[in-house]
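Residue numbers start at 1 and run along the sequence shown. Model, not experiment: these values are computed from the prediction.
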Amino acid sequence: SLQRFDAGLNVWQALTLTDGLGADQVLAATGQGSLQWLLVQQADGMAVVAARIADNTLRLQQRHTLPPSLAGPRIGMLGNELLLAATGADGQPRLQAMNPQGIWRELTAWPGQQPATAVASSRGAVFVATADGQLLRHTRDDGWQTLPDAGGVIAANALRPLGQAHLMALVQPASGPALLRSFHTI
């Protein structure tokens with residue numbers, strides 16, 4: 001089942017899905033406040049769906065197809081835009097953003113050929129975690145930079161902004177259990 005953490009009550013609560021979408025079809029979720037974006041697998045392929053939470057019910061709104069020929073999509077937020085990090089059919093990284101009107105635009109992709117495991121943003125910077133354990137940051141002024149070692153591979157879609165200057169991630173070290181870690185973003 002899909003769950004959300006209610007900070008006011010300090011408990012996890014199950015969410016009810018609408019419009020025939022099953023929890024097993026939801027591959028990832030990201031959002032701000034009551035607006036959520038779901039990466040879903042449906043009979044006609046993968047898509048992103050806007051949804052709003054009201055009374056512990058996730059009400060689906062708009063469905064948008066993904067840009068063509070992408071593999072391993074990961075989603076995050078950049079302000080009011082949806083971020084999509086994936087690998088193109090040519091094996092090259094792709095980074096795109098979709099505005100609230102559903103229009104995709106290409107952003108500068110991260111260097112190298114490693115697929116993304118997660119994408120997020122904080123303070124206008126975009127962060128991409130890659131399958132080889134790198135955490136990268138992109139700013140307009142400095143371009144892409146490699147950040148200090150994360151201590152393992154950040155799990156799929158498990159990188160989120162935390163407050164004004166941190167990211168939270170679920171990190172799988174080379175041995176032992178996964179760890180919840182925070183990273184300073186400034």
Checklist entry - Honestly curious: do Leu135 and Val153 fall in one hydrophobic cluster under the side-chain, below-4.5 Å linking rule? => result no

Next on the checklist: Less than 4.5 Å apart, side chain to side chain, heavy atoms only: is that true for Met98 and Trp37?
Outcome noted: yes

Checklist entry - Are side-chain heavy atoms of Leu84 and Val48 found at a separation under 4.5 Å? => result no

Next on the checklist: The criterion is side chain to side chain contact (heavy atoms under 4.5 Å, CB included); which residues satisfy it with Thr57, sequence neighbours excluded?
Outcome noted: Thr16, Thr18, Arg59

Checklist outcome for this item: Smallest heavy-atom separation, Trp110 atom then Pro115 atom, equals CZ2-C, 4.4 Å

Item to check | Approximate separation, where rounding is to 0.5 Å, of Leu2 CG and Leu15 CG | outcome: 6.0 Å

Next on the checklist: I'd like to know if Leu78 and Phe127 are part of one continuous hydrophobic network [Ile/Leu/Val/Met/Phe/Trp/Tyr, side-chain heavy atoms within less than 4.5 Å].
Outcome noted: no

Checklist entry - Donor-acceptor pair, Arg137 side chain versus Leu147 backbone, under 3.5 Å? => result no

Item to check | ILVMFWY network linking Leu58 to Val40, side-chain heavy atoms under 4.5 angstrom | outcome: yes

Next on the checklist: Going by salt bridge (Lys or Arg N to Asp or Glu O under 4.0 Å), name the residues that satisfy it together with Arg94, two or more places apart in sequence or in a different chain.
Outcome noted: Asp90

Next on the checklist: Can you tell me how far apart CG (Leu82) and CG (Leu38) are? Round to the nearest 0.5 Å.
Outcome noted: 10.0 Å

Next on the checklist: Would you say that Leu21 contacts Gln42 through its side chain, given a criterion of any heavy-atom pair below 4.5 Å between the two side chains?
Outcome noted: yes

Item to check | Residue pair Ser121 / Leu83: nearest heavy atoms and the distance that separates them | outcome: CB-CD1, 4.3 Å

Next on the checklist: So which atom in Gly102 and which in His64 form the shortest heavy-atom distance, rounded to 0.1 Å?
Outcome noted: CA-CE1, 3.6 Å

Checklist entry - Other hydrophobic cluster members with Val11, side-chain heavy atoms of Ile/Leu/Val/Met/Phe/Trp/Tyr under 4.5 Å, chained? => result Leu9

Checklist entry - How far does CD of Gln41 sit from CE of Met46, to the nearest 0.5 angstrom? => result 5.0 Å

Item to check | Nearest non-hydrogen partners of Ala85 and Val119, listed with the distance | outcome: CB-CB, 4.0 Å

Checklist outcome for this item: Nearest heavy-atom approach of Ser122 to Thr185 is OG-OG1, 3.5 Å

Item to check | Donor-acceptor contact below 3.5 Å, side chain Asn157 vs main chain Ile75 | outcome: yes

Next on the checklist: Does Asp142 have more than 12 heavy atoms from other residues, nucleotides or ligands lying within 6.0 Å of its CG?
Outcome noted: yes

Item to check | hydrophobic_cluster_shared for Leu27 and Met77, side chain cutoff 4.5 Å | outcome: yes

Item to check | Residue pairs fulfilling side-chain hydrogen bond (donor to acceptor under 3.5 Å, both in side chains) with at least one residue in residues 66-81, sequence neighbours excluded | outcome: Glu81-Arg105

Checklist entry - What's the spacing between Gln172 CD and Thr117 OG1 if we round to 0.5 Å? => result 12.0 Å

Item to check | Criterion side-chain hydrogen bond (donor to acceptor under 3.5 Å, both in side chains) on Thr130 and Asp132, from CA distance to verdict | outcome: CA-CA 5 Å; Thr130 60; Asp132 63 352; 2.4 Å; yes

Next on the checklist: Would Leu35 and Arg52 count as a side chain to side chain contact (heavy atoms under 4.5 Å, CB included) here? Give the steps.
Outcome noted: CA-CA 5 Å; Leu35 176 62; Arg52 293 220 177 256; 3.5 Å; yes

Next on the checklist: Measuring from atom CG of Leu66 to atom CH2 of Trp104, what distance do you get when rounded to the nearest 0.5 angstrom?
Outcome noted: 6.0 Å

Checklist entry - Do Thr87 and Gln113 come close enough that some side-chain heavy atom pair is under 4.5 Å? => result no

Next on the checklist: According to salt bridge (Lys or Arg N to Asp or Glu O under 4.0 Å), who are the partners of Asp44, at least two apart in sequence or on a separate chain?
Outcome noted: Arg63

Checklist entry - For Phe5, what are the other residues in its hydrophobic cluster, where any two members join if their side-chain heavy atoms are less than 4.5 angstrom apart? => result Trp12

Item to check | Approximate separation, where rounding is to 0.5 Å, of Ile154 CD1 and Phe183 CZ | outcome: 4.5 Å

Next on the checklist: Using a 6.0 Å cut-off, check whether atom CD of Gln164 has over 12 heavy atoms from anything other than its own residue.
Outcome noted: no

Item to check | Leu70 to Gly88 - nearest heavy-atom pair and separation | outcome: CD2-CA, 4.0 Å

